[in-house]
Each structure stands twice: as structure tokens, then as C-alpha cells.
Participant: 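One structure follows; several queries about it will come next.
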There are 2 protein chains.
Amino acid sequence: MDAEAAELKVLDTAERLFDERGVQAVGMDALRTASGVSLKRLYQLFPSKDVLVEAVLRRRDGAVREALAAHGARVADGPYERALAAFDWLADWFAEPDFRGCAFINTFGELGGVAPNVAGLARDHKEALRAYFAAQTDALGAPPALADQLALLANGAMVVAGITGSPEPAAQAKAAARVLIDAAR
Amino acid sequence: MDAEAAELKVLDTAERLFDERGVQAVGMDALRTASGVSLKRLYQLFPSKDVLVEAVLRRRDGAVREALAAHGARVADGPYERALAAFDWLADWFAEPDFRGCAFINTFGELGGVAPNVAGLARDHKEALRAYFAAQTDALGAPPALADQLALLANGAMVVAGITGSPEPAAQAKAAARVLIDAAR
DNA sequence: GCATCGGGAGAACGATCGTTCTCCCGACCG
DNA sequence: CGGTCGGGAGAACGATCGTTCTCCCGATGC
């Protein structure tokens, strides 16, 4: 296994375990066992657990931004449909087995008070979500406040879907988003 | 200091420290130092940390339900104003210094995957919030789906206010709630 | 005054954490 | 073929955790 493959395996495993059990409940030894990457390699790839946590979050941040953009681009029907498409993406996500909420919301809850880098990553990630909506509402000529409201719906849906284990909040949020967008036009 | 005063002091201190640093980052010794209650008393009041965590969350759950009901009852203007009053309560809460988000969302993020009792308490707490909105939408003759949507807005506001540190999401959510309620009548 | 007992301070214990070190094997180079 | 070196397995280390135990003091009852 070369360095790239090991790094990928570590990031995949860490993302899954952190999501399932929380960050602090996953020891480096558990990560070693689950990933099959030795402790020595693990520490030469990521010099500390903090660095690894940050790397996992950064990769996840990029993946979400790409997935969101890709989902929006698939519907070429203009900003109205692109804004609503975000909630379809949420629906797909929530339906995944073992979905346990947004990694940034969860990690912020666990570490946001003591790890400023984690708090900052969560802030940036949520700002990116808001910016996605803002791009669509701007194109619609709707006020920027609408983008904030759509972001609230999306984040609320993530929380409620995570806590209740139901994917329904995605559809509920989409219906609410449609009402809000229609009212702003 | 008698038993009642000690229990109160422990619960107050634990709630504050858990909120500031997360549950796992607060050791029983830190709790002892901050509360001034000896380890011996602490363990005879709460036989384990798990029990203490659950007690803190149960008390917080009751306090939120009471505060929400009290805030709603203060405006006797009927269900329309009572539904919107919830967002005024959010605004007061978000403006508190050191506000760091909803304890149930944060604790679920940290422990929900490995502590089923914590996950259950979070579920019950969020169901109570939804039920508050459902009581108002029922009285308005609006469909129950509206209550779910208002709950999404409220939870989204808690998350975004916690992560960004701004109290603005309360007002944004209130404005969105008004549009949704008006559209449903 | 003396014995009893609850409670405070904090040491002690076993477990586990993040991190480093030791030992050893197998691949590559001359 | 002999030597060098990267990497794997896992022991070791110091710190910290949740929990329990020891020791001692002060109040209370007779």
C-alpha cells in the first residue's frame, strides 16, 4: 500500500468512525485497527490527531461543496430549481444508512468550545452553504435575507433528521423553501 | 451546605462547563473544583458521570419547556402570536453571553452515537419543541406539516446562531415563520 | 469528656488516551 | 550475498480519566 492509498484509507476510516462515535471516542489505536494502517505510517501522514481531525473536516467540506454544486448544475432550469435542488440533495443524504447528522454541526458541538480551528471550519462550511443559496436568490432578484432563511431550513433539516433518524425533514424543508421563495418573488 | 444546595450547585456548574467545553472534556475533578462540592458528595448525589449528564439534560429539558410555555402564555393574542413568540424567546436566548448552541444538539453530536439515553433525550426534547408549534398550528386550523416546518426553522436558527455566534438567525427565522404561517391560512 | 459519624481534601487505582520507541522482517542496491 | 533501510506490530510512556479509598477534622449525643 503506497502513501496515497494509505492516506485515503485513513481519511475514509476516520470520517466513518468519527461520525459513528464522535471524535474523542475514537482512539488512534482503533483507527489503526480499522484502517489497517500502522501507527507509524499514521503519524507520518498526520503528525497529530488534531491535524487528522482537521484534514477529515476539510476533505468533507470540499466534498459537500462539490456535491451541492453538482446537484445544482444537473438541473439547468435556473436559480429557482437550483435552490430547491439543494433539498433533494439533502433527501439523498439523509436516506443513507447510518446517517447521523452533519459532521460540522456534530463536531462543533463536541469540540467547538475548545478547538477554535474546528469552530472556524464549521463557520466556513455553513457560510458556504449560505453562499450557495445566496447565489440562487441573487439570480432570482430576491433579497439576500431569503438565502439566510433557506440556510436555516437546510440546517434545521440536518439536525432533526440526524436526531430523529428520519429523512422526512428534507421534504418538509423543501416545501417550506418553495413557499418562501414564491413569496419573495 | 445541605444536600439540596449541593445538588443545585453541581447541576448549575455541570450545565455551564458541559456547555462551554463539551461533556467529555469536563472531568469530575474539574467539576469538583468549579462547584466546590467534594468528590464524595458528588458521587453520592450522582452515582456516575452518565447519571449526572442525564440529570443535567433532564433539568434543561424541563426548563426549556417551561420557558417556552411561559413566553407563549405572556402573549395572550392567540396561536398566531404564540407561535411567533417562540422565535422571540430564541432571540433572548441567543443574545446571552457565551451562547454556544442548543445543549441537546451539541450533546447529541458528541454522544448520540454511543449513548442511546442521550440520543433518546434529544429526540424527546426536539419532539416537545415540535409539539409546542403543533399546538399553535392546530389552534389555527393549519396543517400539522406547518409545525414541522416551524420546528426546522427554530432548530436551524439554534445551529447557525451557535456556530456563527450571532443572534440574527432568530429574527430571520421569525420572518420566515410569519411567511409560512400566513401562507397556510 | 468521650465516642460516633458525616463530610472534606486529596491520594490511589485501574483503564485508556495520544504519542513515541523498540524490535524485527523483507525488499532493494552494490 | 551482505548491508541498509522503510515499514509493521505492538510495547512503553506519561498524562488524564472515572471512581474509590484513606485519613482527618468538627459537630453532635450521652
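Here is how names work: the chains are called A, B, and so on, in the same order as the sequence lines, proteins then strands, and each is numbered from 1.
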Participant: Among C:dT19, C:dC23, C:dG10, which nucleotide has an atom closest to any side-chain atom of A:K40?
Facilitator: C:dC23
Participant: Can you say whether the rings of A:H125 and A:F104 are parallel (under 30°), tilted (30 to 60°) or perpendicular (over 60°)?
Facilitator: parallel
Participant: May I ask you to say what A:V26 touches in the nucleic acid, namely base, sugar-phosphate or nothing, with a heavy-atom cut-off under 4.0 Å?
Facilitator: sugar-phosphate
Participant: I want to confirm an ordering. Mapping A:S38 and B:Y43 to their closest nucleotides on DNA chain D, which one lands closer to the 5' end?
Facilitator: A:S38
Participant: In whole angstroms, how far is the P atom of D:dC17 from the CG atom of B:L42?
Facilitator: 15 Å
Participant: Within the structure provided, determine whether A:C102 and A:F108 are in side-chain contact (heavy-atom separation under 4.5 Å).
Facilitator: no
Participant: Check A:R100 against B:G109 and note the closest heavy-atom contact, atom names and distance.
Facilitator: NH2-O, 3.2 Å
Participant: Whole-Å distance between C:dG10 P and B:L31 CG?
Facilitator: 17 Å
Participant: For the pair made of CZ in A:F46 and P in C:dT19, what is the distance, rounded to whole Å?
Facilitator: 13 Å
Participant: If each of A:Q44 and A:L39 is mapped to the nucleotide of DNA chain D with the nearest heavy atom, which maps nearer the 5' terminus, i.e. the 5' end?
Facilitator: A:Q44
Participant: Counting only heavy atoms not in B:E168 (residues, nucleotides, ligands), do more than 12 fall under 6.0 Å from its CD?
Facilitator: no
Participant: Report the distance from atom CG of B:L17 to atom P of D:dG18, rounded to the nearest whole Å.
Facilitator: 12 Å
Participant: Does A:F133 have any ring pair (Phe, Tyr, Trp, His ring centres under 6.0 Å) partners at least two apart in sequence or in another chain, and if so, which?
Facilitator: A:F87
Participant: Applying a 4.0 Å non-hydrogen cut-off, can you work out what B:K49 is touching in the nucleic acid: base, sugar-phosphate, or nothing?
Facilitator: sugar-phosphate
Participant: Any idea which of D:dG7, C:dT20, C:dG18 is nearest the A:M28 side chain?
Facilitator: C:dG18
Participant: To the nearest angstrom, how far is A:L52 atom CG from C:dC17 atom P?
Facilitator: 15 Å
Participant: If the cut-off is 4.0 Å, is B:R32 near the phosphate of D:dG18, judged by side-chain N/O to OP1 or OP2?
Facilitator: no
Participant: Within a strict 4.5 Å, meaning less than it, do heavy atoms of the B:F18 and B:T107 side chains meet?
Facilitator: no
Participant: Tell me what B:Q24 touches on the nucleic acid: a base, only sugar-phosphate, or nothing, going by heavy atoms under 4.0 Å.
Facilitator: nothing
Participant: For atom CD of A:E15, decide whether the heavy atoms of other residues, nucleotides or ligands shown that lie under 6.0 angstrom number more than 12.
Facilitator: yes
Participant: CZ of B:R41 versus P of C:dG10: gap in Å, rounded?
Facilitator: 17 Å
Participant: Would you jot down, in residue-number order, the residues of residues 110-119 of chain A having a non-hydrogen atom under 4.0 Å from DNA chain C?
Facilitator: none
